[in-house]
Visitor: 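One structure is given below, represented as structure tokens, and several questions about it will come after.
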2 protein chains.
Amino acid sequence: MPNSKSPRASYHHGDLANALTVAATELARTGGPEAVVLREAARKVGVSATAAYRHFEGRGELIHAVKELALTELAARMQDELATSEPVPDPPAEALRRLRALGTGYIRFALAEPGLFRTAFCRADTPGMESEPVDMLGTRSFQMLVETLDTLVGCGWIPPDRRPYLELAAWSTVHGMADLLLDGPLRLCPPDQQEAAIQRALDMVADGIAALAAGHAGPAKVGPAP
Amino acid sequence: MPNSKSPRASYHHGDLANALTVAATELARTGGPEAVVLREAARKVGVSATAAYRHFEGRGELIHAVKELALTELAARMQDELATSEPVPDPPAEALRRLRALGTGYIRFALAEPGLFRTAFCRADTPGMESEPVDMLGTRSFQMLVETLDTLVGCGWIPPDRRPYLELAAWSTVHGMADLLLDGPLRLCPPDQQEAAIQRALDMVADGIAALAAGHAGPAKVGPAP
DNA sequence: AGCGTAAACTTAACGGCGTTAACATCGCAC
DNA sequence: GTGCGATGTTAACGCCGTTAAGTTTACGCT
């Protein structure tokens, strides 16, 4: 059986598409989206650059393959995070626990694999390639978030009329925080400060959602009396 | 006085650095960061590509110039938004109004000028260029946010121990939402749905902060009884 | 078995990019 | 007025993505 080892034995590779994808993923892991260079991936696999075009439309499609791989890793990291704290019996409390764990997992993945994270959500840059930047909605990670919020509606914690777009609001905060940590002002802060910022953001989300549960009549257009 | 008009009159341009910056900004406005191509900017100005190196270290520094310009426009847009609603006399309510306006302005700028917005916050990609991705903290827009939150602390609305990192949490949400609107699942939604998502996110921030004001004892680790 | 076709790879080449090196032109201080 | 430094020029290098045209192999068909 042909193998991806050094100067390969047979003319035909046998699994080039996969080999290129993992090579490209390794490049992305190290250097982010702009590091996934078609020629370099081919070089790593030991194949001519143009061979890639038998399996991918171009660089854009290669990046897209990396994206899918990265998104899978992201979902796994979030899933893992669910297991790092104990489930609680009370259903709404359990859903809130899950919500927080999902956000934490998301951000931890971004910190642990910045290259992959950036690639997963990058606007595929160079060529024509306006191919879907990623159908986030179909993503496993996004589904987990949606399900958790639905649970909170299901058990009466969130009024159904407050449900719409809530997943996007929550996602925004977590995704934005990841961005800030990677490229923003927090990028060179000591880890404990980063952690504090993360927790503060998650608090804000939890409190914002709890406000709905507390049934307060609407978005705070005017504050309560001091 | 020499001018940036077509085939320029004199050998020396007279204001190349500026001319290149605005040309590059125009490219960014249209096509985002990857569209700011040094050679193209030079071409637009009617000058050889290498002339740019008399004024910029390379493409990275050119992009950086665009970033600063874009950030100025962003701050202006946020400032404008402050004027679109009436000030209210009650100081905390006024601060909350400003908070909301700043977020709205931020997102509106992103929607109105996606190319500039993306460039403002892009990790300058191609060359060595790890030069500061932008010192967001020094940014006028960030300062406005900080001041507003400080006001809320000043008038006793936010307990001082809850103040740290709050600006980052709020910024995260707004920035993340802008990202989602530009490249995420909301990118091709009709504007009214986009607007709804924006308002929901801003509600969440406001409610999350209001929860601090309401003095509830901590981040909702366990929900209130249903 | 043998053969032919199509899939999987190759080399060669094009144009565009960022960047360097070497040369040309201008303006201003002396 | 002249010379020198700042500001522009052309030429060239190496890398990239991509296309075109040729080569090698696997495999189904008779």
Side-chain angles (χ1 to χ4, degrees), chain A residues 1-21 23-24 27-28 31-66 122 124-131, chain B residues 1-21 23-24 27-28 31-66 122 124-131:
Chain A
M1 66 188 84
N3 186 319
S4 61
K5 275 305 167 190
S6 321
R8 73 185 183 287
S10 58
Y11 187 85
H12 283 0
H13 179 286
D15 197 23
L16 227 199
N18 257 317
L20 284 173
T21 302
L27 292 174
E34 59 269 11
V36 18
V37 169
L38 191 144
R39 288 178 110 115
E40 177 68 17
R43 235 171 275 139
K44 284 183 78 164
V45 175
V47 96
S48 80
T50 56
Y53 287 82
R54 292 287 160 192
H55 304 274
F56 300 93
E57 237 178 54
R59 185 170 103 110
E61 209 171 75
L62 181 60
I63 289 191
H64 193 79
V66 175
C122 78
D125 9 38
T126 331
M129 176 74 176
E130 71 289 338
S131 87
Chain B
M1 67 189 87
N3 185 321
S4 60
K5 275 306 168 190
S6 323
R8 72 185 183 287
S10 57
Y11 187 86
H12 284 358
H13 179 288
D15 195 23
L16 227 199
N18 257 317
L20 284 173
T21 302
L27 291 174
E34 59 268 9
V36 18
V37 170
L38 190 144
R39 290 177 108 115
E40 177 68 16
R43 236 171 277 139
K44 283 184 78 164
V45 175
V47 97
S48 79
T50 55
Y53 287 82
R54 294 288 167 200
H55 305 273
F56 300 93
E57 237 177 53
R59 185 170 103 110
E61 209 170 74
L62 181 58
I63 289 190
H64 193 78
V66 175
C122 80
D125 9 40
T126 331
M129 176 74 177
E130 71 287 338
S131 87

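Throughout, protein chains are lettered first and strands after them, A, B, ... in sequence-line order, and every chain is numbered starting at 1.
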Visitor: Checking Ala28(B) now: which residues fulfil side chain to side chain contact (heavy atoms under 4.5 Å, CB included) with it, not counting sequence neighbours?
Guide: Val36(B), Val66(B), Leu116(B), Thr119(B)
Visitor: Locate the shortest heavy-atom distance separating Ala49(A) from Leu38(A); write the atom from each residue and the value.
Guide: O-CD2, 3.5 Å
Visitor: Determine the minimum heavy-atom distance between Pro33(B) and Ile63(B), stating which atoms define it.
Guide: O-CD1, 4.3 Å
Visitor: Should His55(A) be listed as having a side-chain N or O under 4.0 Å from OP1 or OP2 of dC9(C)?
Guide: yes
Visitor: If a protein heavy atom is under 4.0 Å from the base, mark B; if only from the sugar-phosphate, S; if neither, -; do that for nucleotides 22-29 of chain C going 5' to 3'.
Guide: --BBB---
Visitor: Can you name the residues that form a side chain to side chain contact (heavy atoms under 4.5 Å, CB included) with Ala51(A), not counting sequence neighbours?
Guide: Leu16(A), Val47(A), Ser48(A)
Visitor: Restricting to salt bridge (charged side-chain N to carboxylate O under 4.0 Å, His left out), what partner residues turn up for Arg43(A), sequence neighbours left out?
Guide: Glu40(A)
Visitor: Give me the atom names and distance for the closest heavy-atom approach of Ala17(A) to Phe56(A).
Guide: O-CZ, 3.6 Å
Visitor: Take atom CG of Leu20(A) and atom P of dG17(D), then tell me their distance rounded to the nearest Å.
Guide: 12 Å
Visitor: Could you give the CD-to-P distance, from Glu34(B) to dG16(C), as a whole number of Å?
Guide: 19 Å
Visitor: Looking at every heavy atom in both Ala23(A) and Lys44(A), which two are closest together, and how far apart are they?
Guide: O-NZ, 4.1 Å
Visitor: For Arg59(B) and Glu34(B), work out which heavy atoms get closest and say how close.
Guide: NH1-O, 4.4 Å
Visitor: Would you tell me if any nitrogen or oxygen in the side chain of Tyr53(B) comes within less than 4.0 Å of OP1 or OP2 on dT20(C)?
Guide: no
Visitor: Can you give me the N/O atom pairs linking the protein to nucleotides 10-16 of chain D at distances under 3.5 Å, or say none if there are none?
Guide:
| from | atom 1 | to | atom 2 | distance (Å) |
| --- | --- | --- | --- | --- |
| dT10(D) | O4 | Thr50(B) | OG1 | 2.7 |
| dC16(D) | OP2 | Arg43(A) | NH2 | 2.6 |

Visitor: Provide, to the nearest angstrom, the distance between the CZ atom belonging to Phe56(A) and the P atom belonging to dG17(D).
Guide: 14 Å
